Amino acid sequence: MIECKNYNRPIDNPAFDQLQGRFSPSRGTVGLLVYRGYSDKEKIWKSCLDTAHDRRGYIIPLDDDDLKILVQEISAPPSGEAFGYLHQLFNRLTDN
């Protein structure tokens with residue numbers, strides 16, 4: 001699931017609820033929340049970590065800076081794991 005928000009302000013709970021409401025055993029429990037950017041990125045991560053720790057699914061937040069890293073990673077010559085940065089972000093949700 002991918003939810004795109006043209007936000008550069010705090011993302012409120014309804015945005016997270018909208019994405020996690022699409023999770024199900026048949027559709028999966030991993031989603032991307034794509035947004036423009038916000039100065040308190042850790043606050044967004046806290047909401048995503050809370051969702052993961054409550055076993056309501058995994059929401060990976062991606063802002064413009066993250067998208068730039070993903071584009072650079074895929075544009076660079078192969079040097080290891082595909083989608084390494086995305087995997088690193090997912091691991092942040094699953095590490096205790």
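Just so you know, these numbers come straight off a predicted model, no measurement behind them. Along the sequence shown, the residues carry numbers beginning at 1.
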Quick one: [atom1] on [X] to [atom2] on [Y], what's the gap to the nearest 0.5 Å?
X: Leu62; Y: Leu33; atom1: CG; atom2: CG; result: 8.0 Å
X: Leu49; Y: Ile44; atom1: CG; atom2: CD1; result: 12.0 Å
X: Met1; Y: Ser24; atom1: CE; atom2: OG; result: 6.0 Å

Could you walk me through whether Lys68 and Asp65 pass the side-chain contact (heavy atoms from CB on, under 4.5 Å) check?
CA-CA 5 Å; Lys68 287 176 189 173; Asp65 292 336; 4.2 Å; yes

ask   = Is there any salt bridge (charged side-chain N to carboxylate O under 4.0 Å, His left out) pair reaching into residues 16-36, and which pairs are they, with sequence neighbours excluded?
value =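 Listed once each, the pairs are Glu3-Arg22, Arg36-Asp64.
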
Using the side-chain contact (heavy atoms from CB on, under 4.5 Å) rule, take Ile11 and Tyr38 through it: C-alpha gap first, then chi angles, then the decisive distance, then the call. CA-CA 9 Å; Ile11 297 176; Tyr38 175 56; over 6 Å; no

Task: Phe23/Val30 under side-chain contact (heavy atoms from CB on, under 4.5 Å): CA gap, chis, key distance, verdict - done: CA-CA 7 Å; Phe23 294 163; Val30 177; 5.8 Å; no

Kindly give the heavy-atom pair with the smallest separation between [X] and [Y], and that separation in Å.
X: Leu89; Y: Trp45; result: O-CH2, 3.4 Å
X: Ala15; Y: Lys5; result: CB-CE, 3.9 Å
X: Ile60; Y: Leu93; result: CG1-CD1, 3.8 Å
X: Tyr35; Y: Pro61; result: CE2-CB, 4.0 Å
X: Gly31; Y: Leu19; result: C-CD2, 4.2 Å

Which residues pass the side-chain contact (heavy atoms from CB on, under 4.5 Å) test with Ile69, not counting sequence neighbours?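 Scan of Ile69 (side-chain contact (heavy atoms from CB on, under 4.5 Å), adjacent residues dropped) gives Tyr85.
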
Next on the checklist: Looking at His87 and Phe83, would you say the former's side chain and the latter's main chain have a donor-acceptor pair under 3.5 Å?
Outcome noted: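 No; judged by distance alone, with no hydrogens or angles, the pair does not exist.
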
Fill in: Backbone N/O of Ser47 and side chain of Thr51: donor-acceptor pair under 3.5 Å
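Side chain of Thr51 to backbone of Ser47, a donor-acceptor pair under 3.5 Å: yes, one is there.
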
Open item on the list: Using the rule given for side-chain contact (heavy atoms from CB on, under 4.5 Å), can you reason through Cys48 versus Phe16, listing the C-alpha separation, both sets of side-chain angles and the distance that settles it, and then say yes or no?
Closed with: CA-CA 8 Å; Cys48 295; Phe16 293 101; 3.7 Å; yes

Just to verify, what does [X] make a salt bridge (Lys or Arg N to Asp or Glu O under 4.0 Å) with, not counting sequence neighbours?
X: Asp12; answer: none
X: Asp40; answer: none
X: Lys41; answer: Asp63, Asp66

Listed by chain and number, what are the side-chain hydrogen bond (donor to acceptor under 3.5 Å, both in side chains) partners of Glu42, not counting sequence neighbours?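 By the side-chain hydrogen bond (donor to acceptor under 3.5 Å, both in side chains) rule, Glu42 matches Arg92.
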
Practice problem: Report, as yes or no, whether the 6.0 Å neighbourhood of atom CG on Leu67 holds more than 12 heavy atoms from other residues, nucleotides or ligands. | Solution: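 Check passes, neighbour count above 12.
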
